[in-house]
Amino acid sequence: MASVVGICNNALIKLGQDTIISLTEDSKAARTCNQLYEDTRDAVFRAHPWNSLIKRVELAQLSTSPAYEFEYEYQLPTDCLRVLSTDKVEYETELFKIEGRKLLSDDTAVSILYVAKITDPNEYDTLLREAIAARLAAELAIIMTDSNSLVQTMWTLYQDKLREARSVDGQEGTPDRIEADTYLNARV
């Protein structure tokens with residue numbers, strides 16, 4: 001069964017460090033993992049539209065409106081890390097902007113596809129957990145070791161794990177359909 005401590009221990013093992021029992025234990029490794037884990041996880045989440053993190057939702061329109069350019073504003077879900085698209089595919093381009101925790105649009109109703117901040121590691125793909133552990137190892141290497149070469153090795157490992165996880169993740173499901181439009185059909 002996957003756990004946050006398990007991901008942290010995978011990162012610590014890559015660095016040749018002792019493992020931890022919990023994030024709250026009184027050790028440098030536990031304190032550092034506790035401080036870095038969430039931000040590191042979220043950075044990996046934002047790096048790719050992971051299948052295991054995708055959600056769809058209709059947004060709630062706010063009673064306020066933007067000062068200019070758009071007619072309506074919508075509150076993003078609290079677990080939204082990255083908006084991928086809206087349901088307005090009938091237009092040639094989706095006209096919306098993200099500002100703070102709001103989506104601005106001229107549409108009276110908006111549904112979004114987004115990358116969610118899911119905190120249960122059991123919901124992640126195995127390769128995604130490995131990528132998080134590798135990124136965490138790279139972040140921890142800066143603090144836990146005095147070895148610049150180990151830091152570089154861990155960043156290389158992270159890039160390799162991220163590339164592998166993205167590749168496998170991108171091969172699941174039916175590929176998105178590419179519609180021809182005036183730009184694709186234009187000839188110079």
Side-chain angles (χ1 to χ4, degrees), residues 1-15 19-25 29-62 73-89 94 96-105 109-141 143 154-155 157-176:
M1 190 153 164
S3 69
V4 171
V5 171
I7 292 171
C8 291
N9 280 334
N10 286 342
L12 291 167
I13 289 167
K14 288 172 181 25
L15 298 174
T19 58
I20 60 175
I21 296 171
S22 77
L23 292 177
T24 57
E25 74 182 47
R31 286 189 302 272
T32 308
C33 284
N34 191 33
Q35 185 172 0
L36 295 177
Y37 176 77
E38 286 187 22
D39 286 342
T40 301
R41 176 202 63 205
D42 292 352
V44 175
F45 283 2
R46 283 186 54 83
H48 178 77
W50 305 102
N51 294 328
S52 61
L53 305 176
I54 300 295
K55 286 187 178 180
R56 297 169 188 262
V57 68
E58 185 173 335
L59 298 179
Q61 188 180 101
L62 299 172
E73 58 186 13
Y74 298 86
Q75 187 66 53
L76 292 174
T78 57
D79 67 345
C80 179
L81 288 174
R82 178 178 167 199
V83 175
L84 301 173
S85 64
T86 70
D87 61 335
K88 305 303 176 192
V89 292
E94 298 177 41
F96 70 92
K97 295 265 187 196
I98 305 297
E99 293 182 0
R101 299 295 306 155
K102 297 176 184 170
L103 180 141
L104 310 181
S105 175
V110 175
S111 293
I112 61 168
L113 182 71
Y114 70 100
V115 175
K117 182 192 294 191
I118 296 175
T119 58
D120 181 1
N122 290 297
E123 299 292 319
Y124 313 158
D125 178 81
T126 302
L127 294 176
L128 175 55
R129 286 194 302 265
E130 286 185 19
I132 295 168
R135 170 80 184 242
L136 187 58
E139 298 285 353
L140 289 168
I143 299 161
M154 291 299 108
W155 279 108
L157 176 67
Y158 166 63
Q159 292 298 322
D160 291 344
K161 293 288 187 183
L162 183 64
R163 188 174 15 266
E164 178 186 15
R166 282 177 170 168
S167 175
V168 171
D169 190 74
Q171 294 174 34
E172 293 182 325
T174 306
D176 291 338

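Note that these values count all heavy atoms, side chains included, but never hydrogens, waters or copies made by symmetry. These figures come from a predicted structure and were not determined experimentally.
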Residue pair [X] / [Y], side-chain heavy-atom distance below 4.5 Å:
| X | Y | result |
| --- | --- | --- |
| L157 | W155 | no |
| N51 | D125 | no |
| S52 | D169 | no |
| V57 | Y114 | yes |
| M154 | L15 | yes |
| C8 | L23 | yes |

Greater than 12 external heavy atoms within 6.0 Å of Q159's CD: yes
More than 12 heavy atoms of other groups within 6.0 Å of Q75 CD: yes
Mark yes or no for whether [X], through its side chain, and [Y], through its backbone, hold a donor-acceptor pair below 3.5 Å.
| X | Y | result |
| --- | --- | --- |
| E164 | D160 | no |
| R129 | S3 | no |
| S167 | R163 | no |

Listed partners of A133 passing side-chain contact (heavy atoms from CB on, under 4.5 Å), at least two apart: I7, N10
Counterpart residues, ring pair (Phe, Tyr, Trp, His ring centres under 6.0 Å), relative to Y124 (two or more places apart): F45
Salt bridge (charged side-chain N to carboxylate O under 4.0 Å, His left out): pairs with one or both residues in residues 50-61, sequence neighbours excluded: K55-D79
Of T86, V83, L84, the residue whose pairing with L113 passes side chain to side chain contact (heavy atoms under 4.5 Å, CB included): L84
